[in-house]
Amino acid sequence: MHRPPSSAPSRRATSGRLRRTLLTAAVAVAAVAGATLPAAAHGGTAGRNAPLRSLAAHDGIYVGSALAAGTLASDSTYSSIAATQFDAVTPENEMKWSSVEPTQGAFDWAPADQIVSFAQDHHMLVRGHNLVWNSQLPTWLTSGSYSSAQLAALLKKHITDEVSHFKGKIYAWDVVNEPFNGDGSYVQDLWYNALGPGYIADALRWAHQADPKAVLYLNDYNIEGQNAKSDAMYALVKQLRAEGVPIGGVGLESHFIAGELPTDIKANMQRFTKLGVNVAVTELDDRVELPATAAELTQQAADYGSVVTDCVQVRGCVGVTAWEFDDGHSWVPGVFAGQGAANLYDASYQAKPAYYAVRSALAAGRRTSSH
Ligand code: G3I
């Protein structure tokens, strides 16, 4: 028998622990916002034209998007689609260390608070992203010269400050982001080099102390299928569970190339959930060569549908989050020259075949077999 840690809900079809967690979160949100419980939190209407969030709720999972505070404030179409279609949000950059503490000791919580407030207004869960990473660190930290003991103290303070600030408002935290290389070795970053691999367990324990109810994740890319990197994550999670470290979930980022998805995503999800942790698809996008052809968008739709079906069918896969929902706000073209069109909507906010594939996969629930 695998018993999930108390902070980690395991999903059981439509009436599992996630359902109760979502309801609890929605009740808490409703209490904070002074609003009544939203229909979506009860499962909503699951008709074929229902928004994604209603269909996902019916399946006992959430469907989320990464969002940016600036775009929410300036673009009413963006904020309207976000509120209508999604019941979870991950701040794309606003909770990263360089955003919240650009100057040592001087915090700027405003953009992240804005997203949390948007989520509360629209009865959405919040995934906190992220507490420990080797990127988007403030320059005061990266340009300083600190001893290992000082770095440990700074990291503990950062985690405690941030998790405490948002205590009770965050459903799940990406505590450690992208700790592994492709070959399964640890990334030799600031944290690993100074503190050794134990920084991961310490970070999880510090986060748990600051908000015992948040579900704590390790999050990485290219761990969606079974390979050297996901094997390393699997071994780490197994070890952390054996040591009683408060690990609640594994985030499969899922930055895909159309037509190149691993074929064993479902099996990989299942091996993690058998360890007693949740899994979530945390940063889903699926890029194509530009300009996108109809054939590429058809392949992309099949990919999105397949990933969502995998999650729906795996007990313990609690939700799927898109990394921004429209092509106009994706990180992809800025990083992969000549590639893009990776999202559910185009840059004019027209729903793409991928959107309809996700809707169909959610509407089908556990009836469809994947792969
Ligand atoms: O905010 C500054 C702005 O002041 C400045 O004028 C501008 C000039 O370049 O840069 C802005 O910062 C950018 C920031 O996004 C906010 O827009 C950074 O340059 C840019 O590098 C940063 O990119 C983000 C990236 O993480 C950083 O590594 C992407 O938006 C974000 O989508 C991406 O997200 C990551 C996840 O956190 C972890 N997994 C992979 C994923 C994709 O790379």
Side-chain angles (χ1 to χ4, degrees), residues 64-75 78 82 86 88-103 106-112 114-115 126-142 158-159 162 166 170 172-182 187 189-191 200 203 216-224 229-230 233 249-258 279-288 307 319-345 347:
S65 180
L67 299 174
T71 321
L72 278 178
S74 64
D75 186 334
Y78 176 90
F86 301 100
V89 52
T90 304
E92 187 177 0
N93 288 296
E94 292 78 354
M95 290 184 176
K96 292 169 182 173
W97 196 339
S98 59
S99 300
V100 300
E101 195 181 4
T103 303
F107 297 94
D108 181 6
W109 303 112
Q114 181 200 329
I115 293 183
V126 182
R127 296 196 79 263
H129 176 81
N130 56 62
L131 296 170
V132 189
W133 195 18
N134 51 54
S135 178
Q136 288 175 288
L137 294 168
T139 46
W140 63 260
L141 178 65
T142 52
H158 165 64
I159 290 172
E162 178 144 13
F166 294 109
I170 303 292
W173 273 109
D174 290 331
V175 176
V176 179
N177 205 44
E178 302 174 0
F180 287 113
N181 294 311
V187 175
D189 63 9
L190 179 70
W191 307 116
I200 295 175
L216 306 181
Y217 276 68
L218 304 181
N219 189 50
D220 215 326
Y221 62 94
N222 289 350
I223 59 164
E224 297 78 19
K229 189 172 182 179
S230 66
M233 181 66 90
V250 176
L252 314 177
E253 290 191 10
S254 305
H255 295 293
F256 293 127
I257 298 170
V279 293
V281 174
T282 52
E283 305 185 10
L284 178 60
D285 51 30
D286 194 33
R287 58 189 186 267
V288 303
V307 173
V320 176
T321 298
W323 205 242
E324 291 285 2
F325 61 84
D326 68 293
D327 294 341
H329 295 100
S330 168
W331 68 291
V332 170
V335 173
F336 298 99
Q339 299 179 48
N343 302 64
L344 296 170
Y345 291 75

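In listed order, ligands and their atoms are each counted from 1. As the structure is a computational prediction, the values presented were derived from the model and not from experiment.
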Report every pair formed by an N or O atom of ligand 1 and a protein N or O atom separated by less than 3.5 Å, giving atom names and the distance to 0.1 Å.
unit_1	atom_1	unit_2	atom_2	d
ligand 1	26 (O)	Lys96	NZ	3.2
ligand 1	28 (O)	Gln136	OE1	3.4
ligand 1	30 (O)	Glu92	OE2	3.3
ligand 1	30 (O)	Asn93	ND2	2.9
ligand 1	32 (O)	Glu92	OE2	2.4
ligand 1	32 (O)	Trp323	NE1	2.9
ligand 1	34 (O)	Trp323	NE1	3.3
ligand 1	37 (O)	Lys96	NZ	2.6
ligand 1	37 (O)	His129	NE2	2.7
ligand 1	39 (N)	Glu178	OE2	2.7
ligand 1	39 (N)	Glu253	OE1	3.0
ligand 1	39 (N)	Glu253	OE2	3.4
ligand 1	39 (N)	Glu283	OE1	2.7
ligand 1	39 (N)	Glu283	OE2	3.4

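- Scanning for ring-ring contact (aromatic ring centres under 6.0 Å, His included) contacts around Trp109 gives Phe107, His165, Phe166, with sequence neighbours left out.
- Side-chain contact check for Asp174 versus Trp133: every heavy-atom pair is 4.5 Å or farther apart.
- Remark: Val187 pairs with Asn134, Asn181, Asp189 by the side-chain contact (heavy atoms from CB on, under 4.5 Å) rule, at least two apart or across chains.
- Counting heavy atoms from C-beta outward, Leu252 and Thr282 have side chains that stay 4.5 Å or more apart.
- Both tests pass for Arg287 against the ring of Phe336: distance under 6.0 Å to the centre and angle within 45° of the axis.
- The salt bridge (Lys or Arg N to Asp or Glu O under 4.0 Å) test applied to Lys96 returns no partner, not counting sequence neighbours.
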